[in-house]
Structures are given as structure tokens and as C-alpha cells.
Amino acid sequence: MRNVVRCGLIGFGTVGKGVYQLLQENAHLIKLRTGIDVQIVTICDLRTDLVRREVSGITVTDNWRDLLEDDSIDTIIELIGGIEPAKTMITECMKKGKDVVTANKKLLAEDGDQVFDLANSGSAKLGFEASIGGGIPCVVSLKSGLVGNRVHTVMGILNGTTNYILTRMYDKAIPFDDALREAQDLGFAEADPTFDIEGHDAGHKIALLSMIAYNKKVHFSNVQVQGITRITLLDIMYAYEMGYVIKLLGISRKIGDEFDIRVQPTMLPFKHPLASVRDEFNGIMYDNDMTGPVTLYGKGAGGLPTASSVVSDIVQMAQKDNIYENAISLEGEINYMAPGKRKCRYYLRLYSEDKAGILARVAGVLGNYDISIASVMQQEVEGTYVPIVITTHGANEEGMMRSIGEINKFEFISGDVVVIPVEDFE
Ligand code: HSE
């Protein structure tokens, strides 16, 4: 155990400032609780004048190599994000034996091999609690509180932007575009929201959570990712009538020896623990062999919540000397389940002309693929096309996609059928 941790902070943005503020306010408390004195020695940011105006008693530089070459710094906090130059900074610092704490999910999920290999080899420790779920201690929960469990399923609402949009669409009965605009006005969504609304951010996070849960390498490129742009207000309302909410879920499930890892809009029954995760909040549920389901809930973004996770990693790494207490130790690559093999219940929504024989033709296609219909709903509305909602019993995904391909070609259908998997919670 180290009693003093001397940190170099790279990136003085929202989270960097949060780390500084947290330590200004709570460093004494941390020392009281753990005996560890966490200090920021140097801050690296290109905007040196701005940083100097906001901090005192800390060296400020625009050259990260000053931190690399400073032997008195034992821990690097990387908060600039993106792949390069963050990857070079992290790997060079780890090779020099400096522990690294990062919030960089993109680097770790898309190009993390070298960083994880360095952590696994014991060169230095790596903490990435802040990469997932903001202030929710989801990594440390798995690594310590739940360490005696085999994890079957990780399921999470991992993106606050999309959760805010879906919640607002329902609460105010507004379309996607209006909810997105509101999220942008309030600072919950970026000016370019693509990364969040297309599910990539949640995809990075479920890849990282899967690595910790199963101790295997998981690459983001193998995660099946679908965003929320095709979800309409109508789907949200129908889901509600049936007792479900639509959430963008990251799901990672062990099925036999294979792992199904994906991000997709999913219908959750009201009684599901994640169904009540609203607004910009995140929720993560681990389903384990010993405990059964365990759910964590909290703020998934923001300077101070994310800073809390950064500081948690710093303190834990200082407390532990054993290399197995790195943030992660990995045994080879995960065995991905081939797309299409999953079986689940589905919600289908289509717009169709209101003519005799249409339902029979749609049902016929589903029947040809051995898909059993559980319910059908059609309301009388004015207009050329009417919405039809079908739910199915458990169906094979490949058969479902093939049947939808056929249904989409019917001349009486307008647009593409919306397909949403349904999760149950017994
Ligand atoms: N943009 C993310 C979200 C937070 O909306 O949850 C950072 O991962």
C-alpha cells in the first residue's frame, strides 16, 4: 500500500475539473477513511492559461511528456478521450511503471489490446471505472463485492442521452426529434449526437463490462449495435399499453459456451428493475449464479460523478500491490455467439393498407419460419395506412429477420417493419 499517491492529470475538461474539485473538497475525508493522501502534482492541458486561472499550487504544462519523465508521479489520470494520442500516452506511462486511470471507453473497447496486455503483464495497474456508468461503481462491484460469483448476464441502460430521449418521448408524448432537441438544449446530448443515439457509446460500455464479468477479451467490433432512431412515439405508447417500457439496453449474456453481446432497443416489463431507470440516469444489472440479480443505479455522466469513479480507482490501486488486483485480468478472447442464433420474444410494428387478407399473409410468412404469434393489435384510424402490432412467442432471430425481409417487400406495407425484442423478468 502507498500512503501518498502523486497524480499527473491529462485533460482539464469537465471530468478533469471534477477530479480537481473532488480532491479539493474530499481529500481529507479520503485520507481519514483509507490513510491515503491523493495529490494532483501536475496538470497537462493545451489551454495552460485557462488551467492556471482555475487551480493553485499545481504545475501546469501542455506537454504530457513532462508527466512521463517526472519520476515523482506514480499515477496518470488520462481524461482526453479518443484513440490517439491517448493510447501512446497511456502505454508509454504504463511501460514506465506508472499506474493509469482512464475514462477512455473508446480506446479500451476499440483498440485496447496493448493497454490490457500491459496491465495483464503487471507492468502497471489500469483503472477504468470512470469509463462505464459515470459515478456508478460497476467495476469494483464485480471485482470485489461479487467476486465469488459466475456472471450469467450483464444488462444495462448505459447511455444517459438516449435514456433521456426515450423518457421524454413517453412523458410528453413528443416525437424523437423534439426529445433530442430538448436533450441538446439541456446539455444531455451533444451537438452531434450520432455516437450516443446510434448506440456506439453503450456498445463500448457493454464490451468493457463483459470483459470484467467474464475475464475474456471483448472487441467492440464484435458487439451488435443498434440505436434508437427508428423508435417512434407510437411504439412507446403501444409498449406502455402492453405493460412495457422501451429502453436502449446493452446486453451481454452467456448462452452455453457462447456469449451474445449487443446493444439494442428492448421492451422491458414494468416490473423489471431497469424499467424504472428514467431520464439521464443509468442502471446496470448483473445476474449471477450465487446472488441472482443485483442492480446498480445512478448518474452515468457528469464531471463530479465521473470524478468519483476516477478517485475510487486511484485509491484502490494505491491500496493493492498484487498484480491480480489490476483492474482486469483476461484469459484469451471471448467466444462470440453468431448473429441470428438468439431466441426471444418480439414486438413487431408495421404500417399496412387496411384490406382483407393482409393479416393472413403476414401471419403466413411468420408461420413459414415457425414463429408463433402471441397477440395482434390493430386500431381503426383515418388514413391510407394503419398501424398493426404483433407480438410473438419465443422465436429464432435469424428466422425473424428473414420473415421481416419478406414482409417488408409486400406492396401493402409502408416503410419497414419495426422489430423490438422483448425481455422478461421472472
Ligand atoms: N454520452 C454519454 C451518455 C456519457 O449520454 O451517457 C459519457 O459516456
Side-chain angles (χ1 to χ4, degrees), residues 11-19 77-83 86 101-112 127-139 154-169 176 179-212 218 220 223 225-229 231 246-252 263-266 274 277-285 296-310 312-313:
F12 199 67
T14 308
V15 181
K17 281 183 194 167
V19 173
I77 307 166
E78 182 276 305
L79 296 173
I80 59 169
I83 292 185
V101 173
T102 178
N104 196 333
K105 54 201 158 277
K106 181 176 171 70
L107 167 64
L108 297 181
E110 290 189 16
D111 194 7
F128 55 93
E129 179 80 74
S131 311
I132 315 155
I136 304 174
C138 50
V139 174
V154 181
M155 194 181 279
I157 294 170
L158 301 170
N159 182 266
T161 304
T162 45
N163 203 40
Y164 184 84
I165 292 171
L166 292 172
T167 308
R168 276 293 163 277
M169 284 173 75
F176 174 85
L180 170 60
R181 211 168 304 117
E182 188 185 316
Q184 285 171 321
D185 290 345
L186 291 170
F188 293 132
E190 307 278 345
D192 177 0
T194 315
F195 194 67
D196 291 307
I197 63 179
E198 295 298 352
H200 294 207
D201 176 73
H204 289 153
K205 293 168 182 169
I206 197 67
L208 292 177
L209 283 174
S210 304
M211 283 199 243
I212 305 153
V218 176
F220 171 69
V223 178
V225 173
Q226 192 190 328
I228 61 165
T229 50
I231 302 297
I246 299 177
K247 295 290 185 187
L248 184 66
L249 273 200
I251 308 177
S252 172
V263 172
Q264 65 186 161
T266 304
L274 296 177
V277 177
R278 288 169 45 84
D279 301 316
E280 75 278 22
F281 280 78
N282 283 194
I284 298 158
M285 191 179 93
L296 305 168
Y297 168 85
K299 287 189 178 170
L304 291 174
T306 311
S308 164
S309 289
V310 167
S312 161
D313 272 343

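Order of appearance sets the numbers: ligands from 1, and atoms from 1 within every ligand. Every heavy atom of this structure was used, including side-chain atoms; hydrogens, water molecules and symmetry mates were not.
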Just which atoms of ligand 1 are under 4.0 Å from any heavy atom in [X]?
X: G160; answer: 3 (C), 5 (O), 6 (O)
X: A301; answer: 4 (C)
X: K105; answer: 7 (C), 8 (O)

Considering only the protein, which heavy-atom contact is closest to [atom], and what is its distance?
atom: atom 5 (O) of ligand 1; answer: T161 OG1, 2.6 Å
atom: atom 8 (O) of ligand 1; answer: K205 NZ, 2.8 Å
atom: atom 1 (N) of ligand 1; answer: D196 OD1, 3.0 Å

Side-chain contact test, heavy atoms from C-beta onward, threshold under 4.5 Å: evaluate it for L107 versus T102 and give yes or no.
no
Side-chain contact, heavy-atom cut-off 4.5 Å: K106 with I83?
yes
Any idea which part of D201 is under 4.0 Å from ligand 1, heavy-atom wise: side chain, backbone, both or neither?
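It is the side chain that touches ligand 1; the backbone stays farther off.
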Tell me the closest heavy-atom pair linking T229 and E198, and the distance in Å.
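Answer, listing the atom of T229 first, then E198: CG2-OE2, 3.7 Å.
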Just to check, does E280 reach to within less than 4.0 Å of ligand 1 when the distance is taken from its heavy atoms?
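Per 4.0 Å heavy-atom rule, E280 does not contact ligand 1.
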Atom pair CG (N159) and CG (N282), whose distance is rounded to the nearest 0.5 Å:
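That separation rounds to 7.0 Å.
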Ignoring hydrogens and geometry, is there a side-chain-to-backbone donor-acceptor pair from N163 to V277 under 3.5 Å?
yes
Is the Y297 ring parallel, tilted or perpendicular to the F281 ring (thresholds 30°, 60°)?
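Rings of Y297 and F281: parallel, under 30°.
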